[in-house]
Amino acid sequence: MTQPTVNLNTKLFNHTETELNDFAPRILNWFDSHGRHDLPWQQHKTDTPNPYIVWLSEVMLQQTQVTTVIPYFQRFMSSFPSVQDLANADWDMVAEHWAGLGYYARARNLHKGAKQLVEIINETGDFPQTVEGWEAISGVGQSTAGAIVAMGLHGYGVICDGNVKRVITRWAGIDGDITKSATNKQLWALAERLTPIEDSGHFAQAMMDMGATLCTRRNPNCEACPISKDCVAHAQGREMDYPFKAKKKPKPSKFSNALVLLNSKNEILWLQRPDSGIWGGLWVLPLQFEKKILGKKVLSTSEEDSVFESENTLAEQIVDKWINDNELQALSVNDGLLESAPIKHTLTHFHWYLQPQKLVLEDQQSQQITELLKQTEISLAWLSANEAKQTLGLPKAMLKVLETPELCVI
DNA sequence: TTCCTGTTAG
DNA sequence: CTAACAGGAA
């Protein structure tokens, strides 16, 4: 016998070969008798899976939970039953269907991805058939591509999303920071080792279900878990310590006014945001950046020219300047103190406080600002609160502004 | 390669 | 207060 090429002193995995091999069958048995089999996008019971359905649902499920996704998924499928329907739809129609789900870049990538897919189908006669092929589609990364190939094509694909990472860091006792690339590589290697070659789609469904219903972040149900017998975290009684993430920095707070500019017909001025950044491509009220603070320290204010330009869109700069030039006074709907701003929106790295302010314009004034904005080819619309809600599809924070009781615009 | 960013629900 | 994943900037 020749020596094994792998040095056994630096073994890759904490578990024995037998334990590694037993992992998938146990998970699959559990899923078959106790997992969810009625989610509207599941394709494991059909011999002819529809990759469009899996792609659409997987993109929606990125950063969003099953119960939230279901009604959106069903509305998408009835309006856009095929990838061609989605590719041919107008962006505003797609945005309206996505409104409220958040992370609007996903919707833009979905729309772009539909066009890319239609092109590939017209050339090759079918959807991409490989993980690499799917990774080339906008909005599809490594894990989503693996999921689509495994579940949407019944081919071989590995997933390593947040659910899988939680399950396997606990099971294998992996305590490295999962935001570090070394740990990420380790997790992908383990996910690949555990995924059965011939049944990866079934396994992917089962792992996602495990993570969502049993191996949950809080109160994991280890009693019902098929792999608790050799789970390192369970043996240590430290389930909640996994997955480990280094603690993050305190978030600064940012304060802005949300301007409700009303014309004589009681219509509100709406501006379409640039494609990148917050609420990209969606319709939003003009915002006025006021200041950003961390604790008591003022980080930046609208007084600084560079901040005025970086914190406001071009359209917002025009609106702000026009209001100042005309010495108009927008009125806060409450006491106007920054700290009591009624809308709070928390992002990854800052808290955003929005203060609704109302300003009623004369006909001449609303025409003037409309002209000014149109000169720079900014998309704008004058619509009542209800019309805007129905036809534009607004992000949640804008709905909250409209629902501010003192505003009386609904 | 690594770092930074987005939104909502639980 | 925390989690989720892809893309673009640094």
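- When rounded to the nearest whole Å, the span between OH of A:Y104 and C1' of C:dC5 equals 17 Å.
- Taking the six-membered ring for Trp and thresholds of 30 and 60 degrees, A:W55 and A:W134 have ring planes inclined between 30 and 60 degrees apart.
- Taking the six-membered ring where the residue is Trp, A:W279 and A:H345 present tilted rings, their angle falling between 30° and 60°.
- Residue order along DNA chain B, read from the 5' end via each residue's closest nucleotide, puts A:T179 first among A:T179 and A:H345.
- The aromatic rings of A:H37 and A:H44 lie tilted to each other, with the angle between the two planes from 30° to 60°.
- Of the two residues contacting DNA chain B, namely A:R217 and A:L347, the nearest-nucleotide position lying further toward the 5' end is that of A:L347.
- Distance, A:M208 CE to C:dC5 P: 10 Å, rounded to whole Å.
- Rounded to whole angstrom, the span from the CH2 atom of A:W134 across to the C1' atom of C:dC5 amounts to 17 Å.
- Residues A:I268 and A:L261 form no side-chain contact, since every pair of their non-hydrogen atoms from C-beta on lies 4.5 Å or further apart.
- A:T346 comes within 4.0 angstrom of a base, heavy atoms only.
- The main-chain N or O of A:G102 is never found under 3.5 Å from a side-chain atom of A:Q63 such that the two would form a donor-acceptor pair.
- Comparing A:G139 and A:Y103 against DNA chain C, the residue whose closest nucleotide sits nearer the 5' end is A:Y103.
- When the P atom of C:dG7 is taken as reference, atom CD of A:Q142 falls 12 Å away, rounded to whole Å.
- With sequence neighbours left out, the ring pair (Phe, Tyr, Trp, His ring centres under 6.0 Å) criterion links A:F23 to A:W171.
- At a threshold of 4.0 Å, the pair A:R193-A:E17 counts as salt-bridged, since one of the basic side-chain nitrogens sits closer than that to a carboxylate oxygen.
- Taking atom NE2 of residue A:H349 and atom P of nucleotide C:dA9, one finds them 15 Å apart after rounding to whole Å.
- A salt bridge does not link A:K291 to A:E311: none of the charged side-chain nitrogens sits closer than 4.0 Å to a carboxylate oxygen.
- Atom CD of A:Q63 is separated from atom P of C:dG7 by 11 Å (rounded to the nearest Å).
- The side chain to side chain contact (heavy atoms under 4.5 Å, CB included) check on A:S143 picks up A:I159, A:D161, A:W188, with sequence neighbours excluded.
- Across the protein-nucleic acid pair, A:D275 atom CG and C:dA9 atom C1' stand 17 Å apart, rounded to whole Å.
- When heavy atoms are screened at a 4.0 angstrom cut-off, A:T64 is found touching no nucleic acid atom at all.
- Judged by distance alone, with hydrogens and angles left aside, the side-chain atoms of A:R166 form a donor-acceptor pair with the main-chain N or O of A:C215 at under 3.5 Å.
- A:K251 places a side-chain N or O within 3.5 Å of a backbone atom of A:T348 that can act as its donor or acceptor partner.
- For the segment residues 65-72 of chain A, residues with any heavy atom less than 4.0 angstrom from an atom of DNA chain B are, sorted by number, A:Q65, A:T67, A:T68.
- The span of DNA chain B lying next to chain A, judged by atoms under 4.0 Å from heavy atoms, is bounded 5' to 3' by B:dT2 to B:dG10.
- Listed by chain and number, the residues in a salt bridge (charged side-chain N to carboxylate O under 4.0 Å, His left out) with A:D241 are A:R238 (sequence neighbours excluded).
- Atom-to-atom, CG of A:D177 to C1' of C:dA3 comes out at 15 Å; the value is rounded to the nearest Å.
- Of the residues in residues 156-169 of chain A, A:D161, A:G162, A:R166 come within less than 4.0 Å of DNA chain C through at least one heavy atom, sorted by number.
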